[in-house]
S.K.: 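One structure, as structure tokens, below. Some questions next.
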Amino acid sequence: MKFGIIRERKNPPDRRVVLSPEACHKVLRKFKKAEIIVESSPIRVFSAAEYEAIGVPVSDNMETCDVLLGVKEVPIAALIPNKKYFFFSHTIKKQPYNRDLLQAILDKNIELYDHEVITDPNGVRLVAFGRYAGIVGAYNGFRAYGLKYNLFTLPKAEELPDQQALIDALKRIPLPHIKILLTGKGRVGNGAKEMLDAMALKKVTVADYLAKDFNEPVYCQTDIAEYNLRKDGVRGNKADFFAHPEEYKSNFFRFAKVTDFYIAGHFYGQGAPYLYTRDDAKHPDFKIRVVADVSCDIDGPIGSTIRPSTVADPIYGYDPETETETDFKKEDAIAVMAVDNLPCELPRDASEGFGEAFVRNVIPAFFNGDKDGVLERAQMTKDGRLTERYAYLQDYVDGKEN
């Protein structure tokens with residue numbers, strides 16, 4: 001089995017890679033029938049020399065590879081027919097901007113495996129960049145806080161080499177006695193929590209966060225049950241919420257009244273209540289003035305997130321009264337950090353973490369007959385057709401759905 005690590009060609013450029021040199025070394029050591037070739041790239045965070053040092057050749061020819069591994073969508077013109085491809089296709093939710101890509105994949109008889117649906121039998125994702133989104137998102141949020149109030153200046157995350165450098169920078173900032181709210185306890189939320197803990201910030205309970213004042217900066221990490229209530233008053237739980245999100249209403253405003261800086265790292269599902277609306281943000285008791293929206297659902301559960309921001313220009317202001325964009329340094333503006341590709345800013349760490357998971361959970365399936373069904377669950381196309389699991393995309397492919 002010959003694996004090819006392809007060049008990332010999508011703009012803006014992405015320096016991440018599925019397999020780091022260390023991950024490649026592990027694959028070659030463990031699976032004697034595996035071969036790996038790396039396509040040359042001017043932007044990849046790992047140099048050609050780093051791969052060649054462990055015996056992995058760098059080439060411009062990917063035609064001889066059986067399986068091609070990428071991160072972002074592959075431009076249609078660069079697709080090689082009759083190959084197996086792994087990348088984030090962003091087609092599973094019928095994203096209109098990638099319909100042509102999925103049509104081309106079918107036309108070229110490509111077997112597409114989407115990283116987003118590489119799961120265990122219970123649907124739990126096995127490879128993801130979420131932890132690194134949380135890490136960078138928390139850092140960027142503090143950077144936004146310092147800029148809004150002219151308290152301190154942090155370098156951009158992309159200018160620093162790794163997570164430890166981000167932590168070292170955060171440890172030096174003079175934080176006032178603010179309250180920081182973090183929603184979510186999954187990969188994203190816990191990635192952000194790593195940074196708060198590394199700063200030695202005090203973690204407090206929901207009850208204390210809501211009721212007490214502190215003479216130091218503190219944070220509170222909350223989950224679904226703490227910012228949502230069942231409409232009928234019955235005590236809910238996480239499983240019930242995921243099964244029946246429409247039965248719940250938001251209980252978030254009690255947090256908004258006491259929070260200075262909010263990090264949104266929660267999962268948001270279709271039909272779930274918004275955490276806070278644009279009307280909520282107009283309320284005189286609404287205190288939040290800095291939001292790091294790591295989840296970044298546009299016009300969704302975070303009322304002030306009206307567009308994604310970019311690595312180049314990561315912060316914008318939201319005027320609650322006019323519901324429009326403004327200068328984030330204005331007193332009444334909410335500073336919004338809503339970069340939608342945060343792991344790109346920590347490419348080396350993110351690639352190493354992703355690669356470890358890919359080697360552990362995916363590579364073995366090529367050599368054990370896919371005994372756990374990992375490849376089968378992630379395979380979207382085969383023989384020029386959608387697989388049964390993804391047949392729901394047929395009308396989308398045919399252009400019958402907008």
Side-chain angles (χ1 to χ4, degrees), residues 1-10 13-31 33-48 50-52 54-76 78-92 101 105 108 110-119 125-129 132 341 343-344 347-368 370 374-382:
M1 183 65 66
K2 186 180 288 188
F3 298 94
I5 299 172
I6 58 176
R7 177 190 304 173
E8 295 297 320
R9 291 176 165 86
K10 188 177 179 182
D14 194 318
R15 303 179 69 207
R16 292 174 296 173
V17 66
V18 173
L19 296 179
S20 66
E22 175 60 25
C24 290
H25 183 61
K26 288 179 180 176
V27 171
L28 297 174
R29 198 173 62 227
K30 188 172 183 180
F31 301 100
K33 293 185 178 181
E35 292 182 65
I36 302 174
I37 299 176
V38 176
E39 188 174 10
S40 60
S41 168
I43 61 167
R44 187 179 292 126
V45 70
F46 300 102
S47 67
E50 288 178 270
Y51 285 101
E52 290 169 337
I54 59 163
V56 173
V58 177
S59 169
D60 286 322
N61 179 18
M62 293 284 104
E63 294 278 355
T64 62
C65 297
D66 306 300
V67 181
L68 299 172
L69 307 177
V71 178
K72 291 286 187 70
E73 300 100 314
V74 177
I76 291 171
L79 289 169
I80 303 174
N82 308 310
K83 298 292 184 184
K84 294 179 171 67
Y85 271 93
F86 282 73
F87 55 83
F88 287 102
S89 73
H90 297 120
T91 57
I92 291 160
L101 174 61
I105 285 166
K108 294 174 184 288
I110 286 168
E111 290 185 24
L112 172 62
Y113 299 80
D114 195 301
H115 294 309
E116 194 170 342
V117 287
I118 296 174
T119 65
R125 289 180 64 180
L126 297 174
V127 295
F129 285 106
Y132 299 94
N341 56 343
C344 295
R348 185 172 285 264
D349 284 15
S351 297
E352 288 172 347
F354 192 90
E356 284 177 17
F358 200 88
V359 171
R360 183 172 63 251
N361 296 305
V362 184
I363 296 293
F366 287 99
F367 301 97
N368 66 16
D370 193 27
V374 171
L375 299 179
E376 180 185 4
R377 285 188 293 275
Q379 185 176 17
M380 294 181 63
T381 62
K382 184 178 182 180

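Residue numbers start at 1 and run along the sequence shown. The figures that follow rest on heavy atoms only: side chains count, while hydrogens, waters and symmetry mates do not.
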S.K.: Can you tell me if Asp370 uses its side chain to pair, donor with acceptor, with the backbone of Ala365 under 3.5 Å?
M.R.: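 Checking the backbone N and O of Ala365 against the side chain of Asp370, no donor-acceptor pair under 3.5 Å is found.
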
S.K.: Run the side chain to side chain contact (heavy atoms under 4.5 Å, CB included) check on Val362 and Leu126 step by step: do they pass?
M.R.: CA-CA 8 Å; Val362 184; Leu126 297 174; 5.7 Å; no

S.K.: Taking His90 for the side chain and Lys72 for the main chain, is one N or O donor matched with an acceptor at less than 3.5 Å?
M.R.: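 Answer holds: no.
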
S.K.: Supply the atom-to-atom distance Glu356 CD to Glu22 CD, rounded to the nearest 0.5 angstrom.
M.R.: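 Answer for the CD-CD pair, Glu356 versus Glu22, is 8.0 Å.
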
S.K.: How long is the span from the CD atom in Glu376 to the NZ atom in Lys382, to the nearest 0.5 Å?
M.R.: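 One gets 9.0 Å once the value is rounded to the nearest 0.5 Å.
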
S.K.: Going through the distances and angles, do Val359 and Lys30 end up as a side chain to side chain contact (heavy atoms under 4.5 Å, CB included)?
M.R.: CA-CA 10 Å; Val359 171; Lys30 188 172 183 180; 5.9 Å; no

S.K.: Measure the spacing between NZ of Lys83 and CD of Glu63 and express it to the nearest 0.5 Å.
M.R.: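 It is 6.0 Å, given to the nearest 0.5 Å.
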
S.K.: Which pair of non-hydrogen atoms, one from Ile110 and one from Pro81, has the smallest distance, and what is that distance?
M.R.: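 Between these two residues, the closest heavy atoms are CG1-CA, 4.2 Å.
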
S.K.: Does the ring of Phe354 carry Arg16 above it, NZ/CZ under 6.0 angstrom from centre and within 45° of its axis?
M.R.: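 So Arg16 doesn't make the cation-pi contact.
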
S.K.: Dump the intermediate steps for salt bridge (charged side-chain N to carboxylate O under 4.0 Å, His left out) on Glu73 and Lys10, then the final yes or no.
M.R.: CA-CA 7 Å; Glu73 300 100 314; Lys10 188 177 179 182; 2.8 Å; yes

S.K.: For Pro57 versus Ile36, what's the shortest heavy-atom pair and its separation?
M.R.: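 Reported closest heavy-atom pair: CD-O, 3.4 Å.
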
S.K.: Test side chain to side chain contact (heavy atoms under 4.5 Å, CB included) on Ile80 and Tyr85; report intermediate values, then the result.
M.R.: CA-CA 9 Å; Ile80 303 174; Tyr85 271 93; 3.6 Å; yes

S.K.: Can you tell me how far apart CD (Glu52) and OG (Ser47) are? Round to the nearest 0.5 Å.
M.R.: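 One gets 8.0 Å once the value is rounded to the nearest 0.5 Å.
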
S.K.: Is any side-chain heavy atom of Ile118 closer than 4.5 Å to a side-chain heavy atom of Asn361?
M.R.: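 Counting from C-beta outward, Ile118 and Asn361 never come under 4.5 Å.
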
S.K.: Indicate yes or no: at least one non-hydrogen side-chain atom of Val38 is less than 4.5 angstrom from one of Arg44.
M.R.: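 Answer yes - side chains close enough.
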
S.K.: Could you check if a side-chain atom of Asp114 sits within less than 4.5 angstrom of a side-chain atom of Phe88, using non-hydrogen atoms only?
M.R.: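 Yes, at least one pair of side-chain atoms sits under 4.5 Å.
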
S.K.: How many angstroms lie between OH in Tyr113 and CE in Met380, if you round to the nearest 0.5 Å?
M.R.: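 The OH atom of Tyr113 sits 12.5 Å away from the CE atom of Met380.
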
S.K.: Between Ile5, Val17, Leu19, which is the residue that forms a side chain to side chain contact (heavy atoms under 4.5 Å, CB included) with Phe46?
M.R.: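 So the option named by the test is Val17.
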
S.K.: As a quick check of understanding, evaluate side chain to side chain contact (heavy atoms under 4.5 Å, CB included) for Arg15 and Cys344, giving each step before the final call.
M.R.: CA-CA 7 Å; Arg15 303 179 69 207; Cys344 295; over 6 Å; no

S.K.: Using the ring centroid of each side chain, check whether Phe366 and Phe31 are separated by less than 6.0 Å.
M.R.: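 No, too far apart.
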
S.K.: So, for Tyr132 and Pro343, which heavy atoms are closest and what is the spacing to 0.1 Å?
M.R.: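 Nearest pair, atom of Tyr132 first, then Pro343: CB-CB, 4.2 Å.
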
S.K.: At their closest point, which heavy atom of Ile43 faces which heavy atom of Glu8, and how far apart are they?
M.R.: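 Minimum heavy-atom separation between Ile43 and Glu8: CD1-O, 3.8 Å.
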
S.K.: If we only count heavy atoms from C-beta on, is the Ile37 to Met62 side-chain gap below 4.5 Å?
M.R.: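 Touching, per the 4.5 Å side-chain cut-off.
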
S.K.: Can you classify the ring geometry of Phe86 versus Phe358 as parallel (below 30°), tilted (30 to 60°) or perpendicular (above 60°)?
M.R.: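 It falls in the perpendicular class, over 60°.
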
S.K.: Taking all non-hydrogen atoms of both residues, which atom of Asp60 and which atom of Glu39 are closest, and how far apart?
M.R.: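 Minimum heavy-atom contact is O-OE2, 4.3 Å.
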
S.K.: For the SG atom of Cys24 and the CG atom of Leu69, what is their distance to the nearest 0.5 Å?
M.R.: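 The SG atom of Cys24 sits 9.0 Å away from the CG atom of Leu69.
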
S.K.: What I'd like to find out is whether the side chain of Lys33 reaches to under 4.5 Å of the side chain of Met1, using heavy atoms alone.
M.R.: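 Result no, sub-4.5 Å side-chain heavy-atom pair not found.
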
S.K.: What's the shortest heavy-atom distance between Ile105 and Thr381, and which atoms?
M.R.: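 Result for this residue pair: CG2-OG1, 3.7 Å.
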
S.K.: Using side-chain heavy atoms (C-beta onward) and a distance below 4.5 Å, is Ile363 in contact with Lys26?
M.R.: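 Answer no - side chains too far apart.
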
